[in-house]
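Reviewing the structure listed below.
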Amino acid sequence: MDFELHTAGLRAAKDFECDALVVLVGDGRLTAKDPLSILITQALKSGDLETTAGKALSLFRTPGMKAGRLVLVGMGDGSARQVRKAVAAATSVVARHKSVKRLFLCATKALSEQALRAAVLAVGEGSYVYGTTKSKPEARHLQSVVVGVPDADALAGALELAKSTLSGIELAKEWANRPANHATPTMLGQAAQALVHLPHVECEVLGPEEVQALGMGSFTAVAKGSQEPLRFIVLRYLRGPSKDAPVVLIGKGITFDTGGISIKPSAEMDEMKFDMCGAASVLGVFQALGELQPAVSVVGLIPTCENMPGPQAVKPGDVVTSMSGQTIEILNTDAEGRLILCDALTYAERFKPAAVVDIATLTGACVVALGGVRSGLFSSSDELAEQLLRSGEETLDSCWRMPLDDEYGEGLKSNFADMANIAGRAAGAVTAAKFLQKFVDKHPWAHLDIAGTAWKSGAAKGATGRPVAMLVDFLVRRAAGSAGRKKK
Ligand code: BES
Ligand code: MN
Ligand code: ZN
């Protein structure tokens, strides 16, 4: 799908060569006397149209309009959140018609950079179709989207950011949505390798022997139950000022989580194919970085394997030695995410990182705590937490800070190892984070528990691509920040 900006308002919109014209209608009176403005004013007056975000009036073959379909939709106060709602509603009307290939989108009031990004992401979301494992895949009908704005040049940078973010989100969704037999650790390794076609993206994929040789006994233990060999993916995008230490992103890549010997109940177990959404988000971020080319240094680490029961599988009570040297008593084989992440956290130290952010569908407890609205954010650094929270708000891909008091870690004590991999039932999302924190050395660290936000269940079952938008915003801001510091 192609996005473009045109300097054009409502007057020009009616003559624009397209299949559908969407006008976002904000609060306030329209004074212009062109036909579209008059139509909108009259529709508001008659009560057929409201400016409430997402309330749509769709019209067919309106006299005087080039577009066969016209959708007028309320965008409330024009904030990013309300624009997202408006564009989502309009896209769901338009995407129903296969004949709509070219869309023109404009608004009665100027869109902010955040609102433009929200609009682009909402068109992407509303027109997305998964097809990889269907015999007759349906293609996305929408091919081009032109956004009419008062000054196209002023928003050019924001559009590039929005486009690459969408492209990252779509790569993340594609890999996350694929069933586990079409997204094995080996295939994820190949997907990462394929990203090197983008400028400045480098990739290295390690296999079981190399991972064993590194001393990653914890990661190795999780992978043992499966016939599928594990992979440890190392992505690099190093474009920051040479001295800058990189940001390391670590994505949990359990391509299927049966629970292992501590096996899960069968209801909804299919959704555990999404247990690699953290990994998919890291791939998505690298896609976006490769397209956008910001001046920032980022390393991506993805430990990926299946969590399966079987004759070789790790057993409850087994004690393993992590790469850090700390021993772990695996009391529950279903708490496997932390067992693969801890070795990646230790590996991350070799990059002398400026910050480490891990992204994981880590706990059912986080779904209970925060649902599908905000991701859980845990951080040892107030500064890093503030930056991530801010990027979450800017992109409407928000998170909520959770505590890390030492008292929460008390339940991780073990009689047979340095620690156990589970604590009691209480505060499960926090105790998981406390476990991870034992593998963090000096650098600022944040953990994002995306168990509730990475995918949707039920009729709309599918990956969301979260938190790609938040992470890309966070990294781009760091690039802008270091450029600013250099100038001083
Ligand atoms: N991948 C799951 C977490 C999960 C569960 C995400 C449901 C989304 C929906 C993780 O590996 C897991 O099984 N965690 C256990 C931890 C427990 C054994 C301490 C959980 O949350 O039940
Ligand atoms: Mn599990
Ligand atoms: Zn899991």
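Just follow the structure's listing: the first ligand is 1, and inside any ligand the first atom is 1. The first residue in the sequence is number 1, and the count goes up from there.
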Please determine if [X] and [Y] form a salt bridge, counting it only when a charged side-chain N lies under 4.0 Å from a carboxylate O.
X	Y	answer
Glu268	Lys461	no
Glu113	Arg117	no
Lys163	Glu160	yes
Arg401	Asp382	yes
Asp406	Lys434	yes
Arg390	Glu386	no
Lys252	Asp275	yes
Arg477	Glu394	yes

*For Gln212 and Thr220, does a side-chain donor sit closer than 3.5 Å to a side-chain acceptor?*
no
*Among Leu24, Val87, Asp77, whose side chain to side chain contact (heavy atoms under 4.5 Å, CB included) with Gln82 holds?*
Asp77
_Over 60° means perpendicular and under 30° means parallel, so tell me whether Trp455 and Phe274 are parallel, tilted or perpendicular._
parallel
_Within less than 2.8 Å, report the number of protein N/O/S atoms around the Zn ion (ligand 3)._
4
*Are any N, O or S atoms from Asp275 nearer to the Mn ion (ligand 2) than 2.8 Å?*
no
_First-shell residues of ligand 1 [heavy atom, distance under 4.0 Å]_ = Lys252, Asp257, Lys264, Met272, Asp275, Asn332, Asp334, Glu336, Arg338, Thr361, Leu362, Thr363, Gly364, Ile422, Ala451, Trp455
*Atom nearest to the Mn ion (ligand 2) - Glu336, N, O or S atoms considered*: OE1
*Measuring from the Mn ion (ligand 2), name the closest N, O or S atom belonging to Asp257.*
OD2
